[in-house]
Amino acid sequence: MTIPLPISGYVLAGGRSSRMGADKTLLQLAGKPLIEHAVARLRRVCADVNILSSNPALAPYAPLVADLHPGCGPVGGMEAALTHSSHDWNLFLAVDLPFLPAAFVYGWASRWLNSCGDGARIRLFSDGGHPHPSFCLLHKDVLPFLAEAIGREDFKLMRIFQNAGRELATRQGFPAESGLWFQPAEIPAPPDPSAADWPRITPAQLAARELWFANLNTPDDFARAQAHVGALDT
């Protein structure tokens, strides 16, 4: 069994789902709601897992952490999480990324935790040149920057991350550009065809690689996802 990492995991589940036309957190994919898929993956990676939401319908899946400042989007959820967390490092996963494999998440997070020391307090991916701030590792040192941004009604995650990363790196004596660490979401090596357990990337997951960082925002997105349920590891 793979031992969960000493980090807290938080599912970002407070969105309004306006483009989906229904609460996406409870939409069923392969017989389970998206919130259940997200929680199951984070529990394989993190020492404790919570849901960033005040929706009581989600309480059966994991403990809820409500925003301290409602209506601020993911910035508000991350502020609440870093205030709540008992760990220095915290992993955030959007509820609408059901195809990102737990093996990929665990491998990335464990490699970083075993080799930290480069001044970065924010870790996230870019995929196809696009950053994905809704799947990231944040150190608790980022909390004051989130709170300050909320105070001035600035809810742009990438702008907050860039400012926080530069200042935190400089405080530690590192170059400013080292504070925000991007990793290209490279395609992993071909998997062992006999591997079916979650700590390895399976052939079905590799075949659905283009969906790993694809948010399910619309009914069309969800319909496409239904055709790839064999790639789910939850």
Side-chain angles (χ1 to χ4, degrees), residues 8-46 48-81 84 90-102 104-105 124-128 130-138 146 155-158 185 198 204-205 207-234:
S8 291
Y10 292 92
V11 182
L12 289 162
R16 289 177 286 184
S17 305
S18 55
R19 285 185 284 171
M20 185 65 73
D23 182 358
K24 71 172 74 174
T25 61
L26 296 173
L27 288 179
Q28 299 273 324
L29 188 63
K32 297 178 183 178
L34 290 182
I35 189 64
E36 186 172 345
H37 288 293
V39 167
R41 270 176 297 147
L42 285 185
R43 281 183 172 152
R44 291 168 173 170
V45 178
C46 305
D48 64 83
V49 176
N50 300 271
I51 299 170
L52 296 172
S53 175
S54 58
N55 181 358
L58 305 183
Y61 301 99
L64 304 183
V65 176
D67 288 1
L68 303 176
H69 299 94
C72 299
V75 180
M78 290 176 175
E79 179 202 30
H84 169 270
N90 302 273
L91 181 63
F92 293 86
L93 175 68
V95 71
D96 58 359
L97 289 175
F99 292 102
L100 191 60
F104 182 87
V105 176
L124 66 157
F125 281 97
S126 64
D127 189 38
H130 302 288
H132 290 275
S134 60
F135 171 63
C136 61
L137 268 170
L138 299 184
L146 295 168
F155 306 132
K156 297 293 186 180
L157 270 180
M158 285 308 304
W198 73 262
Q205 290 169 336
R209 168 63 183 81
E210 74 279 3
L211 297 177
W212 287 11
F213 288 92
N215 299 89
L216 304 187
N217 290 318
T218 68
D220 286 344
D221 294 339
F222 199 77
R224 184 166 66 130
Q226 298 278 14
H228 294 276
V229 294
L232 296 169
D233 61 2
T234 49

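Nothing here was measured: the structure is a model prediction, and the numbers come from that model.
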For the pair L232 and K32, evaluate side chain to side chain contact (heavy atoms under 4.5 Å, CB included) and give the outcome as yes or no after the intermediate values. CA-CA 11 Å; L232 296 169; K32 297 178 183 178; over 6 Å; no
I would like to know whether L124 and M158 meet side chain to side chain contact (heavy atoms under 4.5 Å, CB included); could you show each step before the answer? CA-CA 10 Å; L124 66 157; M158 285 308 304; 3.9 Å; yes
Tell me, with the steps shown, if L52 and L12 meet side chain to side chain contact (heavy atoms under 4.5 Å, CB included). CA-CA 5 Å; L52 296 172; L12 289 162; 3.6 Å; yes
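Counting only N and O atoms by type, the side chains of T218 and D220 include no donor and acceptor under 3.5 Å apart.
The minimum heavy-atom distance linking M78 with P133 is given by the pair CE-O, 3.6 Å. For the pair Q28 and Q226, the tightest heavy-atom approach, listed with the atom from each and the gap, is O-NE2, 3.7 Å. Nearest heavy atoms, A13 versus I35: CB-CD1, 4.2 Å. Here the closest heavy-atom approach between residue A231 and residue Q205 is recorded as O-CG, 3.2 Å. Scanning all heavy atoms of the two residues, the minimum distance from A80 to A66 falls at CB-O, 3.4 Å.
Between atom OH of residue Y10 and atom CG of residue L138 there is a gap of 11.0 Å, rounded to the nearest 0.5 Å. The distance from atom CG of N50 to atom NE2 of H84, rounded to the nearest 0.5 Å, is 4.5 Å. To the nearest 0.5 Å, the span separating CG on N55 from CG on L58 amounts to 4.0 Å. Of the inter-residue distances, the one linking F222 atom CZ with L29 atom CG reads 5.0 Å to the nearest 0.5 angstrom. Between L100 atom CG and F213 atom CZ the span is 5.0 Å, to the nearest 0.5 Å.
Contact annotation: the side chain of R44 never approaches that of V105 to less than 4.5 Å [non-hydrogen atoms, C-beta and beyond]. Looking at L34 and T25, their side chains never come closer than 4.5 Å, going by heavy atoms from C-beta outward. Proximity of L216 to P98: side-chain heavy atoms (C-beta onward) are separated by under 4.5 Å at one or more points.
Listed by first then second residue, pairs satisfying side-chain hydrogen bond (donor to acceptor under 3.5 Å, both in side chains) with a partner in residues 61-75 read H69-E79, not counting sequence neighbours. Every pair passing side-chain hydrogen bond (donor to acceptor under 3.5 Å, both in side chains) that includes a residue from residues 92-101 is listed here, sequence neighbours excluded: K24-D96, D96-N215.
Taking the six-membered ring wherever Trp is involved, the centroid distance between the rings of F125 and F104 falls below 6.0 Å.
Residue T234 is tested with R41, H37, R43 for a side-chain hydrogen bond (donor to acceptor under 3.5 Å, both in side chains); the sole match is H37. Exactly one residue among L97, L42, L93 makes a side chain to side chain contact (heavy atoms under 4.5 Å, CB included) with V11. That residue is L42.
Listed by chain and number, the residues in a side-chain hydrogen bond (donor to acceptor under 3.5 Å, both in side chains) with S8 are D48, S85, H87 (sequence neighbours excluded).
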